[in-house]
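The structure appears below as structure tokens.
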Amino acid sequence: MSVIRVNLPGREYDIISEAGVLDRAGTLLRPVLKGKLAVIVTDSNVEPLYASRLARSLHQGGFTAAILEVPAGETSKCPEVLAELWEQLLDLGLTRSDAVIALGGGVVGDLSGFAAATVLRGVRFVQIPTTLLAQVDSSVGGKVAIDLQAGKNLAGAFYQPKLVLMDPDCLRTLPDREFRGGMAEVIKYGCIWDRELFDELSRLGSRKAAMEHVGEIALRCCDIKRQVVEQDELDTGLRMLLNFGHTLGHVYEAAYHYETYTHGEAVAAGMVAAARIGTLLGVTPAETEGRITELLEKFGLPTSIPAKKADYEATLSKDKKSDGGSISFIALREIGRAEAVKLPTEALLSRIQEAGLCK
Ligand code: NAD
Ligand code: GLY
């Protein structure tokens with residue numbers, strides 16, 4: 001069993017990684033949760049794979065377990081499904097000492113985390129991430145949210161879990177495309193923080209090889225996120241570095257109405273574009289783009305996605321990291337070291353054109 005402690009004053013929690021940890025969840029949760037009822041929120045793909053195992057383990061730990069299922073997919077991260085969850089939780093007799101347990105990917109984690117943060121003004125929350133993306137990113141750091149008509153993740157909260165339990169074995173059932181999407185975020189950590197991780201991923205070079213070390217790789221990413229979140233929980237400075245590749249990734253996701261490319265695929269192309277722009281800005285060494293491209297290709301990720309100037313304009317004008325017409329663009333000083341470069345949105349748009357990124 002490997003453990004990482006996230007030290008946020010008054011809201012400390014452990015991230016535990018262990019093969020088969022689902023079957024020990026009841027025992028591990030006993031000291032962390034006070035109440036009797038533990039409600040598992042999961043989705044329609046994950047429920048048949050893992051929910052009954054988790055429920056059994058919770059019973060063994062002395063909990064009354066209930067399972068609530070939402071349809072798989074991003075569309076469940078919406079006000080209607082959230083409201084339904086609130087009602088279902090209260091119908092189960094949830095009290096303020098009870099807990100909500102997210103079992104699934106980032107959709108289930110974000111949605112049920114927001115439900116836990118808001119029902120009865122907040123009940124205990126546990127993350128059991130089952131996608132690579134959720135294990136390396138969304139289950140750690142406390143961002144919970146739903147999507148609105150106006151955009152993704154626009155209603156949410158910072159609400160830290162009481163415990164994160166990661167079972168690397170759960171990733172065996174993950175479809176290839178979802179695994180690749182998670183790898184894009186893993187590669188991002190290598191780019192912004194950990195050159196050794198980047199080099200190790202280059203050596204591994206395939207899902208099969210990476211799966212043999214996936215528990216350690218995920219924990220390494222969690223430890224980077226821990227360091228970032230401990231210094232900047234509320235995303236006002238250092239945490240923005242986690243957005244490397246995301247500024248342009250969001251353009252690509254939106255340009256195709258979130259239908260053609262997954263988030264990870266869009267971020268992959270966004271990282272290559274960010275490296276090229278970083279070089280034009282005089283920040284990123286010229287060979288960086290090629291090195292990132294090579295690694296992404298090994299894991300079957302796209303390295304460019306066509307978009308029009310109008311697509312860039314539409315998304316960049318709404319970017320979360322923009323303020324008063326300028327934007328904090330995350331660029332690499334070198335592989336393993338990132339920094340935020342503040343520049344006018346217009347200047348970024350010019351660099352995008354100069355980089356040949358508009359079709
Ligand atoms: P997801 O939750 O939709 O999961 C992807 C697919 O994999 C789904 O179809 C799901 O049913 C299936 N699945 C999950 N675990 C499985 C398993 N072990 N075996 C087989 N199938 C499995 O998507 P995701 O990529 O995990 O998360 C994306 C979401 O995360 C987005 O909504 C994004 O906004 C959010 N996110 C949040 C944060 C954060 O900090 N809170 C960070 C990054 C992303
Ligand atoms: N996924 C980016 C963050 O948690 O800040």
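At a threshold of 4.0 Å, the pair R291-E294 does not count as salt-bridged, since none of the basic side-chain nitrogens sits closer than that to a carboxylate oxygen. In summary, R172 and D167 do not engage in a salt bridge, as defined by a charged side-chain N under 4.0 Å from a carboxylate O. The residues K188 and E185 are annotated as salt-bridged, a charged nitrogen and a carboxylate oxygen being separated by less than 4.0 angstrom. Between K309 and E313 there is a salt bridge, since a side-chain N of the basic residue sits under 4.0 Å from a carboxylate O of the acidic one. Salt bridge absent: E216 and R220 never bring a charged side-chain N and a carboxylate O closer than 4.0 Å.
Here the straight-line distance linking atom CD1 of I277 with atom CD of Q353 works out to 11.0 Å at 0.5 Å rounding. The line from CG of L238 to CD of Q231 is 5.0 Å long, rounded to the nearest 0.5 Å. Expressed to the nearest 0.5 Å, how far CD1 of I327 lies from CG of L343 amounts to 7.5 Å. Distance check: E74 CD to K152 NZ gives 4.0 Å after rounding to the nearest 0.5 Å. Here E18 contributes atom CD and M166 contributes atom CE; the two are 11.5 Å apart, rounded to the nearest 0.5 Å. Between the CD1 atom in I224 and the CG atom in L242 there is a gap of 9.0 Å [rounded to 0.5 Å].
For R351 (side chain) and L281 (main-chain N/O), no donor-acceptor pair under 3.5 Å exists by modelled atom type. Proximity of a side-chain donor or acceptor of T236 to a complementary backbone N or O of D232 within less than 3.5 Å is not detected. The closest donor-acceptor contact from the side chain of K225 to the backbone of D137 lies under 3.5 Å. Between the side chain of S57 and the backbone N or O of A25, at least one donor-acceptor pair lies under 3.5 Å. Between the S76 side chain and the P71 main chain, a donor and an acceptor come within less than 3.5 Å of each other. At distances below 3.5 Å, not a single donor-acceptor pair connects side-chain atoms of S52 with backbone N or O atoms of P48. Of the possible polar contacts, none joining the R226 side chain to the I15 backbone as a donor-acceptor pair under 3.5 Å is found. K162 places no side-chain N or O within donor-acceptor distance of the main-chain N or O of R124, the cut-off being under 3.5 Å. Judged purely by atom type and a 3.5 angstrom limit, S17 has no side-chain atom pairing as donor or acceptor with the backbone of S2. With hydrogens and angles ignored, the 3.5 Å screen pairs no side-chain donor or acceptor of E178 with any backbone N or O of P175.
Considering only heavy atoms from C-beta on, I217 comes within 4.5 Å of L204 through its side chain. In this structure, the side chains of M211 and S206 stay at 4.5 Å or more apart for every pair of heavy atoms. Inter-residue side-chain proximity for P306 and Y256 is flagged as met; some heavy-atom pair is nearer than 4.5 Å. Side-chain atoms of L248 and Y312, non-hydrogen and from C-beta on, do get closer than 4.5 Å to each other. A heavy-atom distance below 4.5 Å is not found between the side chains of V251 and I352. Using a 4.5 Å cut-off on side-chain heavy atoms (C-beta onward), S317 and T345 make no contact. W193 has its side chain within reach of V228: a pair of non-hydrogen atoms, C-beta onward, lies under 4.5 Å apart. At a threshold of 4.5 Å between non-hydrogen side-chain atoms, the residues D235 and F158 count as touching.
Connection of L348 to Y252 is established within a shared hydrophobic cluster, with ILVMFWY side chains joined at heavy-atom distances below 4.5 Å, either directly or through further cluster members. The cluster map of Ile, Leu, Val, Met, Phe, Trp and Tyr, joined by side-chain heavy atoms under 4.5 Å apart, puts I292 and V267 in the same cluster. When hydrophobic clusters are built by joining Ile, Leu, Val, Met, Phe, Trp and Tyr residues whose side-chain heavy atoms come closer than 4.5 Å, directly or via intermediates, V164 is grouped together with I4. Both L295 and L132 belong to a single network of hydrophobic side chains, linked directly or stepwise wherever heavy atoms of I, L, V, M, F, W or Y lie under 4.5 Å apart. Linking ILVMFWY residues whenever their side-chain heavy atoms come closer than 4.5 Å, directly or via other members, places M240 and V136 in the same cluster.
Nearest approach of F329 to G278, heavy atoms of both residues: CE2-N, 4.4 Å. Across every non-hydrogen atom of M183 and L201, the tightest pair is CE-CD2, 3.7 Å. Contact between S112 and L85 at its shortest, heavy atoms only, is CA-CD1, 4.4 Å. The minimum heavy-atom distance between V108 and T42, with the atom names listed, is CG2-C, 3.8 Å. Minimum interatomic distance between V144 and G109 (heavy atoms only, all atoms of both residues): CG1-O, 4.2 Å.
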### Message
Applying side chain to side chain contact (heavy atoms under 4.5 Å, CB included) to D98 and V123, what does each step give before you reach the verdict?
### Response
CA-CA 6 Å; D98 295 323; V123 298; 5.8 Å; no
### Task
Test side chain to side chain contact (heavy atoms under 4.5 Å, CB included) on T284 and R333 and set out the steps.
CA-CA 5 Å; T284 306; R333 237 335 128 191; over 6 Å; no
#### Entry: R239 and V229: CA distance, side-chain angles, deciding distance, side chain to side chain contact (heavy atoms under 4.5 Å, CB included) verdict
CA-CA 6 Å; R239 192 164 178 168; V229 167; 3.8 Å; yes
#### Entry: L332 vs M271, side chain to side chain contact (heavy atoms under 4.5 Å, CB included): CA-CA, chis, key distance, verdict
CA-CA 10 Å; L332 298 185; M271 289 193 285; over 6 Å; no
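Judged purely by distance below 3.5 Å, without hydrogens or angles, the side chains of D311 and T315 never pair a donor atom with an acceptor atom. With no hydrogens or angles considered, no side-chain donor-acceptor pair links D199 and S202 at under 3.5 Å. Side-chain contact, Y13 with Q160: a donor N or O sits under 3.5 Å from an acceptor N or O.
L163 belongs to a hydrophobic cluster whose other members, connected by ILVMFWY side-chain contacts under 4.5 Å either directly or through intermediates, are M1, V3, I16, V21, L22, L28, L29, V32, L33, I40, V46, L49, Y50, L54, L58, F63, I67, I101, L103, V126, I128, L165.
At most 12 non-hydrogen atoms from other residues, nucleotides or ligands lie less than 6.0 angstrom from CD of E196.
Screening residues 38-48 for salt bridge (Lys or Arg N to Asp or Glu O under 4.0 Å), with sequence neighbours left out, gives no hits.
Not counting sequence neighbours, the partners of R5 by the side-chain hydrogen bond (donor to acceptor under 3.5 Å, both in side chains) test are D14.
Considering T75, L82, L111 in turn, L111 is the only one that fulfils the side chain to side chain contact (heavy atoms under 4.5 Å, CB included) rule with V70.
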